[in-house]
Amino acid sequence: MPARASSIHGIEMDLVLEALARRHGYDFRHYARASLKRRMTGLAQKLGCAHIAELVPRVLHDDALLPEILAGLSVPVTEMFRDPPVFKAIRDTLLPMLATHPRINIWQAGCATGEEVYSLAILLKEADLLHKTQIYATDINDIALAKAEDGIFPAKAIEKYSDNYLKAGGQGALASYFSMGYGFAKIDAAIKEHISFAHHNLVADGVFCEVGLVVCRNVLIYFDRVLQDRVLGLFSDSLSRGGFLCLGTKENVTFSAAAPLFAAVDPALRLYKKRG
Ligand SMILES: C[S@@+](CC[C@H](N)C(=O)[O-])C[C@H]1O[C@@H](n2cnc3c(N)ncnc32)[C@H](O)[C@@H]1O
């Protein structure tokens with residue numbers, strides 16, 4: 001466990017984290033401290049607590065509040081085809097290699113509200129691979145997961161994401177994968193049927209399934225080095241031999257204890273391959 005803080009805020013945070021870990025098994029003690037402090041302060045304000053420590057009895061005695069607490073501590077910020085060059089590289093480099101497999105299993109960890117996993121599924125559809133693909137999309141935040149499973153987004157957001165889609169090599173119209181109505185866009189059932197959504201905690205849960213590609217972007221940045229190493233080991237264990245790993249553009253395996261497990265495919269775009 002990291003060194004204990006001595007400031008009042010630090011002590012209060014430790015108490016809440018201890019309560020969450022011991023009462024519910026959710027261990028945030030290896031999350032990067034500064035952003036966790038911001039989120040915990042925001043959560044305390046939202047729940048009408050004058051001090052962070054007032055979250056402790058809520059954590060201990062109000063089980064129904066747990067999803068809101070987990071949602072408050074997570075950052076489900078996302079968008080479709082975020083960092084388009086990464087999606088273009090998945091389209092042009094990874095999918096042709098995955099195409100040789102009889103079945104394609106993909107684990108997208110930290111799916112938030114689903115924009116990224118639907119982007120992946122659209123790439124697979126356009127490469128004519130979706131019919132033989134199963135994508136497992138997981139997150140710790142059940143409120144975000146429920147939105148992801150609904151697959152309903154503001155129509156205006158789809159207009160905004162169209163630019164990303166085109167930059168990622170899209171040839172058609174992003175809107176064609178949605179049915180539009182009342183200012184909202186609902187993802188087509190034919191895209192969604194290849195995705196299973198599930199609660200999975202990268203801190204505590206084990207290997208999810210054997211997959212040829214793990215996509216986990218903009219999640220490790222919230223973890224300290226110890227936790228990053230654990231999670232990268234988990235991804236290596238989940239990947240079949242020669243399987244691919246895609247991280248966020250601010251994340252990498254280079255300085256991790258897990259570095260020997262992976263070879264770079266495109267280091268700038270954070271695409272790696274599990275070593276044989
Ligand atoms: C910033 S979002 C990234 C969304 C998407 N991958 C992207 O890059 O656009 C980070 C997500 O990681 C999830 N997360 C945080 N800790 C997690 C954990 N221990 N296990 C699984 N997911 C976690 C959060 O709930 C949040 O939805």
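Only a predicted model underlies this, so the values are computations on that prediction, with no experimental measurement involved. In each ligand, atom 1 is the first atom listed, and ligand 1 is the first ligand listed.
Of the protein's non-hydrogen atoms, Arg82 NH1, 3.1 Å is the one closest to atom 7 (C) of ligand 1. Of the protein's non-hydrogen atoms, Asn218 ND2, 2.7 Å is the one closest to atom 8 (O) of ligand 1. Looking from atom 16 (N) of ligand 1 to the surrounding protein, the closest heavy atom is Tyr31 OH, 2.6 Å. Counting only heavy atoms of the protein, atom 22 (N) of ligand 1 lies nearest to Ile140 N, 3.5 Å. Annotation: atom 12 (O) of ligand 1 to nearest protein heavy atom, Val219 CG2, 3.5 Å.
Side chain of Tyr118 to main chain of Ala148: a donor-acceptor pair is present (N/O by atom type, distance under 3.5 Å, no hydrogens or angles).
Salt-bridge formation is not detected for the pair Lys160/Glu79: no Lys NZ or Arg NE/NH1/NH2 atom is positioned less than 4.0 Å from an Asp or Glu carboxylate oxygen. A salt bridge links Arg23 with Asp63: at least one charged nitrogen is closer than 4.0 Å to a carboxylate oxygen.
At a heavy-atom cutoff of 4.0 Å, ligand 1 is contacted by the backbone of His200 but not by its side chain. Residue contacts with ligand 1 for Arg217 involve both N, CA, C or O and side-chain atoms from C-beta outward (heavy atoms, distance under 4.0 Å).
Interface of Ala112 with ligand 1, defined as ligand atoms under 4.0 Å from a residue heavy atom, comprises 4 (C), 27 (O). Near Gly110, meaning under 4.0 Å from one of its heavy atoms, ligand 1 places the atoms 3 (C), 4 (C), 5 (C), 6 (N), 12 (O). Interface of Val203 with ligand 1, defined as ligand atoms under 4.0 Å from a residue heavy atom, comprises 19 (N).
Of all the listed residues (Asp142, Asn201, Asp139), Asp139 holds the heavy atom that lies closest to atom 27 (O) of ligand 1.
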Worked check of ring-ring contact (aromatic ring centres under 6.0 Å, His included) between Phe81 and Tyr161: CA-CA 7 Å; Phe81 298 96; Tyr161 299 148; 8.5 Å; no
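Aromatic rings from Tyr272 and Phe244 are positioned such that their centres are separated by 6.0 Å or more.
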